[in-house]
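FYI, side chains are in, hydrogens and waters are out, and symmetry mates aren't considered; it's all heavy atoms of this structure. Bear in mind the structure is a predicted one, so any value in this text is a computation, not a measurement. Numbers restart at 1 for each chain; the letters A, B, ... are given by sequence-line order, proteins then strands.
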There are 2 protein chains.
Amino acid sequence: MSAGPITIGEAARRTGVSAKMIRWYEATGLLPPATRSEAGYRHYDDADLHTLRFVRRARDLGFSVEAISDLLALWRDRARPSAGVKAIAEQQIADLRRRIAELEGMARTLEHLAESCCGDERPECPILDDLATEDHAPAPRRHSAGSEALATHSMDLRTKRGR
Amino acid sequence: MSAGPITIGEAARRTGVSAKMIRWYEATGLLPPATRSEAGYRHYDDADLHTLRFVRRARDLGFSVEAISDLLALWRDRARPSAGVKAIAEQQIADLRRRIAELEGMARTLEHLAESCCGDERPECPILDDLATEDHAPAPRRHSAGSEALATHSMDLRTKRGR
DNA sequence: CCTTGACCTTCCCATGATGGGAAGCCCCAT
DNA sequence: ATGGGGCTTCCCATCATGGGAAGGTCAAGG
């Protein structure tokens, strides 16, 4: 029910989108420029908050900013056919499934290796032996071209290990 | 069999690691500086190729460059206890499983939504309706701190949609 | 009225692993 | 000796995000 325009920090708190990211979304054109106070402060109203939550939710579902841009346009167009939205969603699902399969393959291979490694004081280690084996499949280079219209670029699949 | 030292391009062809990446691995300390010809060309011998294939294989299993650095050190130390290697591998497995679960959650949610969207000319769209719904769980912010010793940083989970 | 502290602004930088491309040198085969 | 392809280094872009500096603004309390 709060109606008065609020500042970016407050909007961040209420939508779960950081102030940094709100500014960035505006700078890159995902969101239209916010209205400003005389001093230059950005102000957000309830409709803006609604949009921000929309973006947040879409991010949580793994959509890229580019995809969200399309979704936002469709959302604003009340006469759009739902087919377009569904197509974007299915593209996203396919992408998620592909990435899951890729990670699953890695996990399974590693699980096999870890199982056969006793992991004690002794230096015998099937894991290192596997890594050092010369004849692994050329493994189709990542970043292979997709089918034109539905081309996707596989993301980075590695882990960041904090330390 | 081929014994003579070869150039970086040839090493790239034979190991599946791009010349760019070989230079980068050297620059960042994952690999020791390559020997150079008088003209400054890098030269690689069979042992180097073996190492490069090791790195390549580890990358294919999703290990970060930092983890590979540890694995390489263990590989070179023939007296290492296999426990250390196994620990790294299990950390990696846990990380992969966590990421898979996260993607799986997104995929399932989207599949439910896509199922209920007829995807025709009509503008009714449960997918957009969901995105526009105000009350979604605060969704624990990504990048939450892990447990000190085994701390991991979750990766980016979004899609790049080529266009 | 003035200070203080919390907030806002913009701008630059870093992340991780990868590729693109420019400018310039080198090597081999014709 | 010349041309083309490979090598060198260096800079830039990606994608979404955060960190932090330098400086302006606002509201509350002395």
Side-chain angles (χ1 to χ4, degrees), chain A residues 5-13 16-31 33-44 55-56 58-69 95 99 141-145 152-163, chain B residues 5-13 16-31 33-44 55-56 58-69 95 99 141-145 152-163:
Chain A
I6 58 185
T7 63
I8 198 171
E10 188 59 21
R13 245 165 277 131
V17 181
S18 74
K20 278 272 195 199
M21 290 315 298
I22 297 176
R23 290 193 199 98
W24 187 74
Y25 290 150
E26 178 183 329
T28 56
L30 176 66
L31 301 176
T35 60
R36 303 276 192 141
S37 72
E38 287 187 15
Y41 283 25
R42 288 175 181 80
H43 280 172
Y44 298 89
V55 171
R56 170 72 150 73
R59 296 293 290 132
D60 285 343
L61 289 175
F63 286 102
S64 70
V65 167
E66 196 184 357
I68 297 174
S69 189
D95 217 14
R99 285 152 65 192
R141 249 5 327 227
R142 270 165 299 286
H143 221 61
S144 59
T152 56
H153 296 276
S154 69
M155 297 210 56
D156 207 296
L157 289 161
R158 278 82 184 199
T159 306
K160 273 183 229 165
R161 299 188 320 143
R163 241 223 275 229
Chain B
I6 57 185
T7 63
I8 198 171
E10 188 58 21
R13 245 165 277 130
V17 181
S18 74
K20 278 272 196 200
M21 291 315 298
I22 296 176
R23 290 192 199 100
W24 186 74
Y25 290 151
E26 178 183 330
T28 56
L30 176 67
L31 301 176
T35 59
R36 302 277 191 140
S37 71
E38 286 186 15
Y41 282 25
R42 288 174 181 81
H43 280 173
Y44 298 89
V55 171
R56 170 71 151 73
R59 295 294 288 135
D60 285 344
L61 289 175
F63 286 101
S64 71
V65 167
E66 196 185 358
I68 296 174
S69 189
D95 218 15
R99 285 152 66 192
R141 246 12 321 230
R142 269 165 300 285
H143 220 61
S144 59
T152 58
H153 296 276
S154 69
M155 300 209 52
D156 204 299
L157 290 161
R158 277 80 184 200
T159 305
K160 273 184 230 165
R161 299 188 322 143
R163 239 222 274 233

Hey, is the side chain of B:Ser18 poking within less than 4.0 Å of OP1 or OP2 on C:dT18, counting only N and O atoms?
no
Whole Å only: how far is the CD1 atom of B:Ile6 from the P atom of C:dC27?
17 Å
Ignoring hydrogens, what is the shortest heavy-atom contact between A:Pro5 and A:His43? Give both atom names and the distance.
CB-CB, 3.9 Å
Rounded to the nearest 0.5 Å, how far apart are OG1 of A:Thr28 and CE of A:Met21?
7.5 Å
Side-chain N or O of A:Ser37 less than 4.0 angstrom from OP1 or OP2 on C:dC8?
no
Within the distance-only criterion (no hydrogens, no angle test), does the side chain of A:Arg56 pair as donor or acceptor with the backbone N or O of A:Gly16 below 3.5 angstrom?
yes
Applying side-chain contact (heavy atoms from CB on, under 4.5 Å), run through B:Tyr25 and B:Ile68 and close with a yes or a no.
CA-CA 11 Å; B:Tyr25 290 151; B:Ile68 296 174; 6.0 Å; no
Give me the bend of the helix from C:dC1-D:dG30 to C:dT30-D:dA1, using the axes of the five pairs at each end, rounded to 10°.
30°
Find the distance A:Ile68:CD1 to D:dC15:P and express it as a whole number of Å.
14 Å
Return the value, rounded to whole Å, for the distance between atom CE of B:Met21 and atom P of C:dG19.
7 Å
Is the closest side-chain heavy-atom distance between A:Ile22 and A:Tyr44 below 4.5 Å?
yes
Out of curiosity, A:Trp24 CH2 to A:Leu30 CG, how far, rounded to the nearest 0.5 Å?
8.0 Å
5' to 3', nucleotides 7-12 of chain D under a 4.0 Å protein heavy-atom cut-off (B base, S sugar-phosphate only, - none) gives SBBB--
Measuring to OP1 and OP2 of C:dT18, would you say a side-chain N or O of B:Tyr25 lies under 4.0 angstrom away?
yes
Between atom CH2 in A:Trp24 and atom C1' in D:dC15, what is the gap in whole Å?
7 Å
Those residues at least two apart in sequence (or on a different chain) that pass salt bridge (Lys or Arg N to Asp or Glu O under 4.0 Å) with A:Arg23 are none
Between B:Ala12 and B:Ala19, what is the shortest heavy-atom contact and its length?
CB-N, 3.6 Å
